[in-house]
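To start, the structure under review is shown below, and the notes come after it.
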Amino acid sequence: MSGIARYNGKSSFKEWQQDWQNEERYNFRTIENKWQKIWENEKVYKVEIDTNKPKFYALVEFPYPSGAGLHVGHPRSYTALDVIARKKRMQGFNVLYPMGFDAFGLPAENYAIKTGVHPAISTKANIENFTRQLKSLGFCFDWDRCFATCDPEYFKWTQWMFIQFWKHGLAYKDKMAINWCPSCKVGLANEEVVNGCCERCGAQVVRRDKEQWMLAITKYADRLINDLDTVDFIDRVKSTQINWIGRSEGAELEFALTDNNGNDLGKKMVVYTTRPDTTFGVTYTVMAPEHHFVKELMDKYQNPDEVQNYINEASKKSELQRTSDTTKTGVELKGIKARNPFNGELIPVFISDYVLTGYGTGAIMAVPAHDQRDYDFAKVFNLPIIQVLAGGDISKEAWEEDGEHINSGFMNGMDKKDAMAAAIKFAEEGGFGKAKVNFKLRDWVFSRQRYWGEPIPMVYCEHCGWQPIDESQLPLMLPDVPDYRPNDNGDSPLANAKDWVETTCPKCGGKARRETDVMPNWAGSSWYFLRYCDPHNDKEFASKEALKYWMNVDWYNGGMEHTTLHLLYSRFWHKFLYDCGYVPMPEPYQKRTSHGMILAADGEKMSKSRGNVINPDEIVENYGADTFRLYEMFIGPFDQVAMWSDESLNGVYRFVSKIYALFKKVYGNEVPMSPEDTRAMHKCIIEVTERIDQMKFNTAVSSMMTYVNYMSNMEKIPAQMYETLLKLLAPFTPHIAEEMWARLGHSSFIVAQDWPEGDAKLAEDNVVTLGVQMNGKMRGTITVSKDASKEETEAEALKLENVARQLEGKTIKKIIVVPGRIVNIVAA
RNA sequence: GCGGAUAUGGUGAAAUUGGCAGACACGCCAGACUUAGGAUCUGGUGCCGCAAGGCGUAAGAGUUCAAGUCUCUUUAUCCGCACCA
């Protein structure tokens, strides 16, 4: 290690020592700049595979490099895992803690539309700014592994993986309604639709059918639920994912469609129900207005105009309008009927927008007696209501609880469980139904009518249909376009790049057109954690060896807002790669935790428009990175929202200054440590160690404050006590810890030191103070030896003046002594 | 409506899981000191009360020698999802 840098340019420790001995105040700027340079030059945090050490992979969600720069929220997560990573390192683990950039996305493109600056250029500048900011905070990232998802060397593999999805039949094209802004003439991502309006111009968003690439995440729905049992995710995340996937068990039943006289029309309407046992209570059926039968049977209706009108109205409504208005509307398809397969009765068929096209089969059997929505609809249209489950009062509302089956033929008298089984058996034997599991989760819409994303590596050939480009042609680069706006047809800006679009079919060599939509920005983040394992590999996305050594991610911290997006997508993506044999484990993340947001001092979200944004650069400039990091750990419980407070920040600054000031009182180990000193030290070691593991960072910091307060009251501090403090602080405030470590004369890095071992025995006091209660009320305290007998303790308690006074005129019934905890005298 | 959280001093919060409520910090009060700084140091600080004492963990009930912690009921706030058949 170069002594010169370490000694602030002086050639020896002695000379340097003279400098700081005259120094009055804690100069964080000098200290932090110095160590950041040394760490970078000496690549202190670079990691390589080392099979002699246990590995630990800590991961935080990489940021989107926005023009606004780092937000104070980012460092909350980054510092937390930096603390964990640094501690693990000191505990002997080979720690991978990487950072990169999720760099494809809309803001850069919107900026390009406004200014004409190519997204690649603005993105590069933003990444440089983010990198500078992240480095100024002293995280122990291995910067040699840094990449951005828009790097061709990276997105080459994102495209390659898409082709694998296609080859396995998991990527397919389907016609889907997209959000379309008629004013901007652009397809919007769901994230860009705010309250049914375009985020940029405020115009009402409408639905427009467009062919979309889809990824078949629903094929993995069951595994995405079941495998949650094999990982250590916080409960909130697990239950949110389970809810989102929305598994339900039920049955599909066929209702034959007939004319008014019961003559079969040759079409069987399939409905999905979770309660096949209530089929005797079905009094009508409903199809979504978009159901393909509705159009196909148009010539059979007596009221085709009314039907067509309703379809038109429904299509005009946005998703939001359709779901926010729960009053029931609909139109009967007059002229056709449906036959209840259980009792053969003919019942009316309606269309209504309360039936959703995307869930189940897009058609339902209505049981108004036992489903409030069906009940409401039946009331509007004056339809019969037949009760099949005993209970409730169906003249007032639907009975949605369970009850004995009535009016249900062979199911009469059965409970829900038996009737469900009987109904499904009946349907299966009759050949008109089967048990069926359904999910709320839909397949993943994977195309965006956008420019700044990974081009989808597919071409369309008249003869061969959709074909992937040859893998040797990857990466498929984005073409330059004159204008980043989409064209009038709702095509991506790529459609304007004629030379790029027109190509040849990789299969037959004939004329073909490239896909002009790009991937969503969730694509690149679906596998970035794999790339960190082997980021410069140009033969594979990562070598088997690297994946085998580093995966899984041992601890992944990120925002709750990604639970049903990135976190779910990447689990699916990873499982697919696992099925193909490309990654060694079925789940990517062993442990998932989540941090709370940081709000502005006014309790509001920080935003430019409110003018309450705290800029990390200013905090680092005025207080230093160590204070900033420590403050974010001290601000409150890690998993809860916290409010920014300049006063508290100042308090933490005082604490860091105190650590600096204590140094003057540090003597060698010739100063003896009293048992009390030893106790204070070991108590702190134990508490800090435990609390970091539990992410109780705020109380870990409290422990260190208590320990520092203890040392503040000492005349002379033995070196060991102070060194221990520095080691415990090193994960939180690495710069000052490293500096003071060096000033103590050490020539090694503090991160290379062993994490201190706490000794529970030495941390224990040999006398304990017990509370003494009378009838449960505190009356005083006694101090007894750690292993005082019950009798001694009782006697000591009864000696208390306060107790004697309270005891007057009363007799003792019993005395409860809980050793080390409390004495309670029960008297009356 | 469904699901998940949260509720403790003037403020942010602790509480080893049923055992001295308020650790640690901010703020405030009093004092000391100074090269007047973003100072620093010392002491105090849940509420009522001169005191003895009483009252205190959103509200109400319960279990217990003992409840912030367990059980039931209610209220408020926040975050998801939301006509999912």
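Naming convention: chains lettered A, B, ... in sequence-line order (proteins, then strands); numbering from 1 in each chain. Everything quoted here is computed from the prediction, not taken from an experiment.
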Given [options], identify the nucleotide with an atom nearest to the side chain of [X].
| X | options | result |
| --- | --- | --- |
| A:Asn824 | B:A66, B:A85, B:C55 | B:A66 |
| A:Trp244 | B:G38, B:G19, B:C81 | B:C81 |
| A:Ile364 | B:U42, B:A85, B:C20 | B:A85 |
| A:Thr769 | B:A85, B:C24, B:C20 | B:C20 |
| A:Asn802 | B:C83, B:G53, B:A85 | B:G53 |
| A:Asn698 | B:U6, B:C24, B:A14 | B:A14 |
| A:Tyr623 | B:C83, B:A14, B:G38 | B:G38 |
| A:Thr240 | B:C81, B:G80, B:C65 | B:G80 |
| A:Ser702 | B:U40, B:G38, B:A23 | B:A23 |
| A:Ser239 | B:C83, B:C20, B:G4 | B:G4 |

Nearest-Å distance, [atom1] ([X]) to [atom2] ([N])?
| X | N | atom1 | atom2 | value |
| --- | --- | --- | --- | --- |
| A:Met633 | B:G12 | CE | P | 19 Å |
| A:Met560 | B:C81 | CE | P | 11 Å |
| A:Arg654 | B:C24 | CZ | P | 15 Å |
| A:Gln694 | B:A14 | CD | C1' | 13 Å |
| A:Glu401 | B:G1 | CD | P | 15 Å |
| A:Leu568 | B:C81 | CG | P | 13 Å |
| A:Phe377 | B:A85 | CZ | P | 18 Å |
| A:Lys440 | B:C2 | NZ | P | 13 Å |

With a 4.0 Å limit, can you tell me whether [X] has a side-chain N or O closer than that to the phosphate oxygens OP1/OP2 of [N]?
| X | N | value |
| --- | --- | --- |
| A:Lys777 | B:C55 | yes |
| A:Lys605 | B:C78 | no |
| A:Arg779 | B:G54 | yes |
| A:Ser248 | B:A85 | yes |

Sugar-phosphate, base or nothing in reach of [X], heavy atoms under 4.0 Å:
| X | answer |
| --- | --- |
| A:Lys683 | nothing |
| A:Asn243 | sugar-phosphate |
| A:Thr274 | sugar-phosphate |
| A:Asn622 | base |
| A:Val826 | sugar-phosphate |
| A:Val355 | base |
| A:Asn709 | sugar-phosphate |
| A:Ile635 | sugar-phosphate |
| A:Lys436 | nothing |
| A:Glu647 | sugar-phosphate |
| A:Gly651 | sugar-phosphate |

TODO: State whether A:Tyr354 and A:Lys328 meet the cation-pi test: NZ (Lys) or CZ (Arg) under 6.0 Å from the six-membered ring centroid, and within 45° of the perpendicular axis.
DONE: yes
Tell me the partner of [N], counting only Watson-Crick (N1-N3 plus N6-O4 or O6-N4) or G-U wobble (N1-O2 and O6-N3) with both under 3.5 Å; none if nothing fits.
| N | result |
| --- | --- |
| B:A36 | none |
| B:C81 | B:G1 |
| B:U45 | B:G27 |
| B:A76 | B:U6 |
| B:G68 | none |
| B:A13 | none |

Task: Of A:Lys396, A:Glu397, A:Glu401, the residue whose pairing with A:Trp399 passes side-chain contact (heavy atoms from CB on, under 4.5 Å) - done: A:Glu401
Open item on the list: If you assign A:Ala642 and A:Lys658 each to the RNA chain B nucleotide with the nearest heavy atom, which residue ends up on the more 5' nucleotide?
Closed with: A:Ala642
Open item on the list: Both A:Arg821 and A:Thr327 contact RNA chain B. Which one's nearest nucleotide lies toward the 5' end?
Closed with: A:Arg821
Residue pair [X] / [Y], side-chain donor-acceptor N/O under 3.5 Å:
| X | Y | value |
| --- | --- | --- |
| A:Tyr359 | A:Ser248 | yes |
| A:Thr793 | A:Glu796 | no |
| A:His566 | A:Glu61 | no |
| A:Thr357 | A:Glu290 | no |

Task: Check: A:Tyr631 ring centre within less than 6.0 Å of A:Trp644 ring centre - done: yes
Task: Steps toward ring pair (Phe, Tyr, Trp, His ring centres under 6.0 Å) verdict (A:Tyr284, A:Phe350) - done: CA-CA 8 Å; A:Tyr284 62 95; A:Phe350 285 81; 5.7 Å; yes
TODO: With syn defined as a glycosidic angle within 90° of 0 and anti as everything else, classify B:G9.
DONE: syn
Open item on the list: Can you tell me whether the base of B:U42 sits syn or anti, using the 90° cut around 0 to define syn?
Closed with: anti
Task: Base B:C83 paired with A:Lys328 side chain (donor-acceptor, <3.5 Å) - done: yes
- [ ] Answer yes or no: side-chain N or O of A:Tyr653 and base N or O of B:G38 forming a donor-acceptor pair under 3.5 Å.
- [x] no
Got a list of side-chain donor-acceptor pairs under 3.5 Å for residues 652-661 of chain A, not counting sequence neighbours?
residue	atom	partner	partner atom	Å
A:Ser657	OG	A:Tyr653	O	2.8
A:Lys658	NZ	A:Asn709	OD1	3.4
A:Tyr660	OH	A:Glu23	OE1	2.0
A:Tyr660	OH	A:Arg25	O	3.4
A:Tyr660	OH	A:Arg743	NH1	3.4

